[in-house]
Every structure is written in structure tokens, then in C-alpha cells.
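Written below as C-alpha cells is the structure these notes are about.
Note that these values count all heavy atoms, side chains included, but never hydrogens, waters or copies made by symmetry. Here is the naming used below: chain letters follow the sequence lines, and residue numbers restart at 1 for every chain.
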2 protein chains.
Amino acid sequence: MDRFRHSIPTKDVRPRELDSTDEKIIAILARDGRTTNADLAAALDVAPSTAHARTRSLVDRGILTGFHASVDYQRLGRGLQAMIGVVLRPGARHDSIVAFADEVRRLPQVLQLFFVGGADDFLVHIAVENASEVREFVVNHLSTQQSVATTRTSIVFEYHRNAVAAPFR
Amino acid sequence: MDRFRHSIPTKDVRPRELDSTDEKIIAILARDGRTTNADLAAALDVAPSTAHARTRSLVDRGILTGFHASVDYQRLGRGLQAMIGVVLRPGARHDSIVAFADEVRRLPQVLQLFFVGGADDFLVHIAVENASEVREFVVNHLSTQQSVATTRTSIVFEYHRNAVAAPFR
DNA sequence: ACTGAAAGAAGCTAACT
DNA sequence: AGTTAGCTTCTTTCAGT
């Protein structure tokens, strides 16, 4: 029992060489993370043990960071997604920003949190039940915060995903 | 061999009742999609066959839509992520917008594509190698397009993810 | 609906090329 | 690095509560 469980990736971020086999593994597992090793090997035209070693290496090197079930929030009664751009107050202290962001990203409504440079300071992607919950989220968790200057909410009408990116700091 | 592979979800979007066991399964598999059924059963304190039936039901009902490996793009030499807000021309025809969006979302740089209502018409989340590739992406695939009025690029400094949302239209 | 047991499949490891 | 082979573990089914 192991199925490529959490190892400790190094901080070495140099892109090592990946051959086409590695790239195929990444592509296949990004599309279907429960592809069996046997199927993977067949698709790559190598022995199962080879596929196994390659995949483990990708996990060990921290290139594949995990496997996650994708959830249809519509069917969970959270059919409304929004992207909220947040602009911070110019004078906001760095550690209060960090504390605030740390709190926001743990909220159950939050799917993703982007720290960005540009017009906004960060973007919050949420999934909730209805429009009033969007408003409630913005009021309760964003606009009343000390560090927040303004927010700008956009309803998400369509959403497409090609890949699942690993979180980073 | 099956491990909950793609079934055909109905279009019934009514949120059916989920008990706490279902919610735990969703939470566990969202965090680690390769949790073995045996471990899942242990965590839920039910028999493996029960955990199995519950999980299958969640997949069959289309609540869990798939399993995906998460990729560290930094280690793949694509250490720069950006979020690009796109505003369309007021006169842009609906089908040309659809065709354009369809093309954009298939580009290998694109991680996610959001159709939104608000200041922007959509948001494109990309991962590329460096700043000049961001520019290249915007120039080649966005700003030169007929339907596009303006774009606004924000570099992503930090990224956090709580969940993987299923794509939707 | 949940359980337990049995059978089949897959993962994992180690020795060899 | 890749392969072959063998052991272990998990998934999956089904008959029985």
C-alpha cells in the first residue's frame, strides 16, 4: 500500500529534463488521476514497473503534487460561482494583510485565492448557493475588513479547466 | 477494474440530501483523490463495501466528476502565472465569441477560463515560462482577436486552492 | 441500506539484464 | 533505466442480514 503518497519535495525548482514519457504521464494523470498503473503503462507502451517508477519519480520530485476529486458544486446546491477582485488600502500593514488572506482562504465558500499584482491585490473565487450569499460573503468577510479598500464582484457564467495547478507561495 | 470511471450524469441538478458520511467522503477525496477505499472506510467507520457503494453513488450522481493530478508548474519550467481579464467589443457576434473562447481554452498555456459578468467578459488563467511569454500569449491569442476590445494582465504572486471545481457551461 | 467473505485485479518490491 | 516475476494489498461483487 502506498500509491504515491505524500513525499517531501525538495526546494530545488530547477526544471529537470522530462522526456515525452514523463510528459504523457503528467497529461494522463492530470486528465484522470485514477488511471491504473497498468493502463498508464499500456498507453505509454512500456512495462508497468517502468510506468510505476516514472510516476513515483514525478511525485518524489514534487512535479505531481497530489490527486484530487473534482466536485460539481451545482449538484451540491452551490450553483453560483463568483470571482471577487479585492483592492487593499494603501496603508495596510503587511502582516495584517497576511493574516486576513490566511483567514479568507480557509473559508468554506472559497475555491481559490490568487494574490496578484495589477489593478487588484487579490482575487477570490467562491462557490455559494445564491446571489444573497455572494453579497453576504463580500460584506462579512471582505468589505468590512480593515485592510480592504474596495471589492468588485463578477458572477461566473461558465468555467473551464484544463489543469489543476499546485498551490504556491 | 473500474475504480469509479466516467458514468453519464443526469441533468437533474436538484441537490439531493447528502448525509454527513457523503460529505466526509467528498472532503476526503477532494483532499486526496487516491485515498484507498479501505482507508476511506476506516475514516468513516463503516465497512469497505459501504464506503465503496457510497463513493460510487456520488460519482454516478455526478457530484464527484473526476480525479485529477495536481501539477507544480514551477517545476515544469512554467513558474509564471497570470490572470488576464478580457473585455470584448460591444458589437462582437455571439458565435464568434464562442468560437474564440473555444480556441483559447484549448491552448496549452491556459489553466482555467472563466466567463464572467461585470467589468470583464472573461478571465484567463495561464502558466508560462516568463514575462515575455505572457506578453506573447496576450498579443498572439487575445489582443489581436476581432472580438477583443481590451485586456488587462495581472501577475499571480501566490495561489491557494481549497477545492477543484468541475467545469460547467 | 449495510456487512462479510471470496475472487480477481492492481500495486509494490526486489533480483536480473 | 527497463524488465520479469512474485508477493502483498486493495477493489469489487454478491449473497445474506
**Request:** Could you note down all residue pairs passing side-chain hydrogen bond (donor to acceptor under 3.5 Å, both in side chains) where residues 131-145 of chain B supplies at least one of them, sequence neighbours left out?
**Result:**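 Every pair satisfying side-chain hydrogen bond (donor to acceptor under 3.5 Å, both in side chains) with a residue in residues 131-145 of chain B: B/N130-B/S132.
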Can you check whether [X] has a side-chain N or O nearer than 4.0 Å to OP1 or OP2 of [N]?
{"X": "B/H52", "N": "D/dT12", "value": "yes"}
{"X": "A/R54", "N": "D/dA1", "value": "no"}
{"X": "A/R56", "N": "C/dG11", "value": "no"}

**Item:** Donor-acceptor contact below 3.5 Å, side chain A/D120 vs main chain A/L123
**Value:**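 No; judged by distance alone, with no hydrogens or angles, the pair does not exist.
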What's the [atom1]-[atom2] distance between [X] and [N], to the nearest Å?
{"X": "A/N37", "N": "D/dT4", "atom1": "CG", "atom2": "P", "answer": "14 Å"}
{"X": "A/D19", "N": "D/dA1", "atom1": "CG", "atom2": "C1'", "answer": "11 Å"}
{"X": "A/L29", "N": "C/dG11", "atom1": "CG", "atom2": "C1'", "answer": "14 Å"}
{"X": "A/F67", "N": "C/dG11", "atom1": "CZ", "atom2": "C1'", "answer": "13 Å"}
{"X": "B/D45", "N": "C/dC2", "atom1": "CG", "atom2": "P", "answer": "13 Å"}

**Request:** Could you list the residues that satisfy ring pair (Phe, Tyr, Trp, His ring centres under 6.0 Å) with A/H68, not counting sequence neighbours?
**Result:**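 A/H68 satisfies ring pair (Phe, Tyr, Trp, His ring centres under 6.0 Å) with no residue once adjacent residues are dropped.
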**Prompt:** So do B/Y73 and B/L80 actually touch side chain to side chain, heavy atoms under 4.5 Å?
**Reply:**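 No, too far: nothing below the 4.5 Å cut-off.
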**Request:** Go through D/dG2, C/dG11, C/dT3 for me and flag the one nearest to the B/A47 side chain.
**Result:**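 Shortest atom-to-atom distance from the side chain points to C/dT3.
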**Message:** On the side chain of A/S49, is there an atom forming a donor-acceptor pair with the base of D/dG2 - under 3.5 Å, no angle test?
**Reply:**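 For A/S49, whose side chain was compared with the base of D/dG2, there is no donor-acceptor pair (under 3.5 Å).
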